[in-house]
Amino acid sequence: MGERIKVGIDVDGVLADFITAFMVEANALFNIPVVSMFTDWNYGGTGITEAQADAVWEKLKNTSNWWLREVDMLPETDGLSELDKKALCYFITSRGPTVGDPVEKQTAQWLRANFGLFTPTVIVMDLPSQKVPLAKALTLDYFIDDKPSTCKQMANAGLKSYVKDALYNKDVNLPRVATFNDFVEEVLRGRGQLCPTLT
């Protein structure tokens with residue numbers, strides 16, 4: 001058997017429905033309607049102010065094991081189980097700390113509970129921009145993320161990066177997939193293409 005491919009996977013916006021969970025908290029604090037998608041990266045389309053967003057983040061930080069208990073799976077992500085059996089998967093996130101277990105432990109428990117992954121490798125970065133040198137150091141074959149700037153940085157580093165389609169990343173001209181399961185198909189069927197370098 002040949003060497004298994006190595007895949008980097010962002011968590012929120014790719015596997016986990018962070019936006020809905022965040023907006024549920026915003027609704028509880030400020031009666032802001034719950035939406036499941038931002039129109040831009042800075043809470044576009046929600047009406048939430050910067051001060052209100054900061055207050056929601058403060059609530060998250062002070063809620064025990066928030067990442068484990070409050071965030072649901074996104075639809076059409078069940079292909080992760082198959083991918084994890086055939087590839088080395090690294091779950092690379094920049095989630096902030098909360099009261100309770102360390103973020104990497106919360107995330108690993110969440111992956112185990114939702115996808116049946118026994119020992120997922122979770123790596124927490126302080127900043128999303130730190131994902132690029134990590135991806136290069138791990139010699140990843142593929143990477144998927146939803147944050148526009150991270151996707152562009154991955155492409156400029158010459159990595160096979162995919163954009164998980166969302167309203168807030170429509171301007172990123174890179175290979176994109178509508179669902180995580182589509183990404184699994186691309187990877188396992190060997191159709192992944194080296195994406196162009198952006199300027």
Side-chain angles (χ1 to χ4, degrees), residues 4 6-29 36 38 41-43 48 50 52-74 77-81 83-85 87-151 153-154 157 159 161-162 164 166 168 180 183-184:
R4 282 192 294 169
K6 292 184 279 190
V7 182
I9 303 167
D10 178 41
V11 179
D12 295 304
V14 174
L15 298 173
D17 186 7
F18 167 76
I19 293 177
T20 300
F22 184 90
M23 293 307 300
V24 166
E25 302 289 3
N27 175 266
L29 287 175
S36 59
F38 300 150
W41 189 255
N42 295 311
Y43 316 105
I48 194 169
E50 185 176 343
Q52 289 171 330
D54 289 344
V56 175
W57 279 110
E58 192 64 25
K59 180 180 179 184
L60 267 57
K61 288 193 322 189
N62 289 290
T63 300
S64 182
N65 296 329
W66 188 85
W67 296 108
L68 172 60
R69 298 188 299 133
E70 301 300 332
V71 185
D72 293 329
M73 299 165 55
L74 282 168
T77 53
D78 57 305
L80 175 58
S81 299
L83 181 65
D84 187 65
K85 292 173 184 173
L88 289 172
C89 294
Y90 297 89
F91 302 92
I92 304 172
T93 180
S94 56
R95 288 175 159 184
T98 73
V99 173
D101 292 332
V103 176
E104 68 273 11
K105 292 190 182 298
Q106 291 184 52
T107 305
Q109 291 178 56
W110 184 86
L111 289 165
R112 187 158 50 247
N114 286 281
F115 296 99
L117 308 188
F118 187 62
T119 54
T121 300
V122 177
I123 304 170
V124 179
M125 315 303 296
D126 291 332
L127 298 170
S129 60
Q130 295 172 326
K131 292 180 180 182
V132 176
L134 176 64
K136 294 180 78 171
L138 292 171
T139 62
L140 297 179
D141 296 296
Y142 297 96
F143 192 86
I144 183 170
D145 208 305
D146 66 314
K147 185 172 185 180
S149 60
T150 302
C151 296
Q153 290 164 0
M154 289 287 179
L159 298 165
S161 180
Y162 279 78
K164 168 56 175 62
Y168 49 80
F180 182 78
F183 172 71
V184 173

Task: Residues that Pro97 engages under side chain to side chain contact (heavy atoms under 4.5 Å, CB included), provided they are two or more places apart - done: Val103
Open item on the list: Among residues at least two apart in sequence or on other chains, which ones pass ring-ring contact (aromatic ring centres under 6.0 Å, His included) with Tyr43?
Closed with: Phe22, Phe38
TODO: Can you sort out the partners of Asn114 under side chain to side chain donor-acceptor pair (under 3.5 Å), two or more places apart, ordered by chain and number?
DONE: none
- [ ] Output all residues satisfying side chain to side chain contact (heavy atoms under 4.5 Å, CB included) with Glu70, sequence neighbours left out; order by chain, then residue number.
- [x] Glu25, Trp66
- [ ] With sequence neighbours excluded, tell me which residues meet ring-ring contact (aromatic ring centres under 6.0 Å, His included) with Phe143.
- [x] none
Open item on the list: For Gln130, give me all partners under side chain to side chain donor-acceptor pair (under 3.5 Å), at least two apart in sequence or on another chain.
Closed with: none
Task: Residues that Asn27 engages under side chain to side chain contact (heavy atoms under 4.5 Å, CB included), provided they are two or more places apart - done: Asn31, Val34
TODO: Not counting sequence neighbours, list each pair that qualifies as a side chain to side chain donor-acceptor pair (under 3.5 Å) and has a residue in residues 6-15.
DONE: Lys6-Thr139, Asp10-Lys131, Asp12-Arg95
TODO: Only counting residues at least two apart or in another chain, list the ones meeting side chain to side chain contact (heavy atoms under 4.5 Å, CB included) with Pro102.
DONE: Glu104, Lys105
- [ ] Using the test side chain to side chain donor-acceptor pair (under 3.5 Å), find all partners of Thr98 that sit at least two apart in sequence or belong to another chain.
- [x] Gln106
Task: Under 3.5 Å: donor-acceptor pair, side chain of Thr20, backbone of Asp17 - done: no
TODO: Using the test side chain to side chain donor-acceptor pair (under 3.5 Å), find all partners of Asp101 that sit at least two apart in sequence or belong to another chain.
DONE: Gln109
